[in-house]
> 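Here it is, the structure in full.
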Amino acid sequence: MPNLTVNGVTHAIDADPDMPLLWVLRDRLDVTGTKYGCGIAQCGACTVHLDGQPVRACQTRLGDVGTAQVTTIEGVSGRVAEAVQAAWRKLDVVQCGYCQSGQIMSAIGLLSGNAKPTDADIDGAMDGNICRCGTYQRIRAAIHEAARSLA
């Protein structure tokens, strides 16, 4: 049985190495903040971090995770995560909310490596995160707000 570390807790997982990480999180570990959207890594609802880098959990196989640390929306912490979450609340970004855990995980990934993103940087980092409600302008404004609060 391989071990999988999620949000700082190591779990022994008895699952096929080809099982998508998304299903391990949701069905085996009951970590449900990571959402199923499309299953083909095009919508971003399933975004998690592997060793701090955003990845799509629906297309990341359990066997490919290895010893990487998995962080889900439930486990994000630290200065950047707090700034992003505060900006999301301040600017009332969320409409239906379904995509927002993936949006937030991608935004944290961006700001962790780029403290002063341009609109083009934001568009590039958030590409592939679909919001059916169309809150893209609020998402971009919240990322700028979070970046200002980190300065």
> Give the cluster check for Leu25 versus Met105: same hydrophobic cluster or not, with ILVMFWY residues linked at side-chain heavy-atom distances below 4.5 Å.
no
> Got a second to check how far Leu62's CG is from Arg28's CZ, nearest 0.5 Å?
9.0 Å
> Distance check, rounded to the nearest 0.5 Å: Arg132 atom CZ versus Cys99 atom SG?
10.0 Å
> If I take atom CG from residue Asp27 and atom CE from residue Met19, how far apart are they, to the nearest 0.5 angstrom?
6.5 Å
> Any donor-acceptor pair under 3.5 Å linking the side-chain atoms of Thr5 with those of Thr10?
yes
> Counting C-beta onward and ignoring hydrogens, is there a side-chain heavy-atom pair between Pro54 and Val48 closer than 4.5 Å?
no
> With a 4.5 Å cut-off on side-chain heavy-atom distances among I, L, V, M, F, W and Y, is there a chain of contacts connecting Ile143 to Ile73?
yes
> Where do Gln100 and Ile139 come nearest, in terms of heavy atoms and distance?
NE2-CD1, 4.2 Å
> Give the minimum heavy-atom separation between Glu145 and Leu91, together with the two atoms involved.
CB-CD1, 4.0 Å
> How long is the gap from CH2 on Trp23 to CG on Leu29, to the nearest 0.5 Å?
13.5 Å
> Kindly give the heavy-atom pair with the smallest separation between Ala41 and Cys58, and that separation in Å.
N-SG, 3.3 Å
> Check Arg56, Lys35, Gln103 against Thr47 for a side-chain hydrogen bond (donor to acceptor under 3.5 Å, both in side chains) and give me the one that passes.
Arg56
> Using 0.5 Å steps for rounding, measure from the CG atom of Leu50 to the CG atom of Leu21.
6.5 Å
> Are the side chains of Val70 and His49 in contact, using a 4.5 Å heavy-atom criterion?
no
> Any luck finding a side-chain donor-acceptor pair between Thr71 and Asn7 under 3.5 Å?
no
> Within the structure provided, determine whether Val93 and Ile104 are in side-chain contact (heavy-atom separation under 4.5 Å).
no
> Tell me the closest heavy-atom pair linking Gly37 and Cys43, and the distance in Å.
CA-SG, 3.5 Å
> Taking C-beta and beyond as the side chain, do Val24 and His11 meet within less than 4.5 Å on heavy atoms?
no
> Would you mind reporting whether Thr118 and Asp123 have side-chain heavy atoms less than 4.5 Å apart?
no
> Measuring from atom CD of Gln59 to atom CD of Gln42, what distance do you get when rounded to the nearest 0.5 angstrom?
8.5 Å
> Does Arg61 come within less than 4.0 Å of Asp16, counting only side-chain N to carboxylate O?
no
> Is the closest basic N to carboxylate O distance between Arg138 and Asp92 below 4.0 Å?
no
> Spell out, as yes or no, whether a donor-acceptor pair under 3.5 Å connects the side chain of Asn129 to the backbone of Ala45.
no
> Between Asp119 and Arg140, is a side chain to side chain contact (heavy atoms under 4.5 Å, CB included) present by the stated rule, with each step listed?
CA-CA 7 Å; Asp119 283 348; Arg140 181 187 289 155; 3.1 Å; yes
> Could you state whether Val76 and Val94 fall into the same hydrophobic cluster, counting links through intermediate Ile, Leu, Val, Met, Phe, Trp or Tyr residues with side-chain heavy atoms under 4.5 angstrom apart?
yes
> Would you say the side chain of Ile130 lies within less than 4.5 Å of the side chain of Tyr98, judging by non-hydrogen atoms?
no
> Can you see whether Thr34 engages Arg26 through a side-chain donor-acceptor pair at a distance of less than 3.5 angstrom?
no
> Considering non-hydrogen atoms only, spot the tightest contact between Ala87 and Ala146 and give its length.
CB-N, 3.8 Å
> My understanding is that only one of Ile122, Asp121, Val84 makes a side-chain contact (heavy atoms from CB on, under 4.5 Å) with Leu111; could you say which?
Val84
> Closest heavy-atom contact between Ser101 and Gly33?
OG-O, 2.8 Å
> Does any non-hydrogen side-chain atom of Tyr136 lie less than 4.5 Å from one of Cys131?
yes
> Shared ILVMFWY cluster between Val31 and Ile13, side chains joined below 4.5 angstrom?
yes
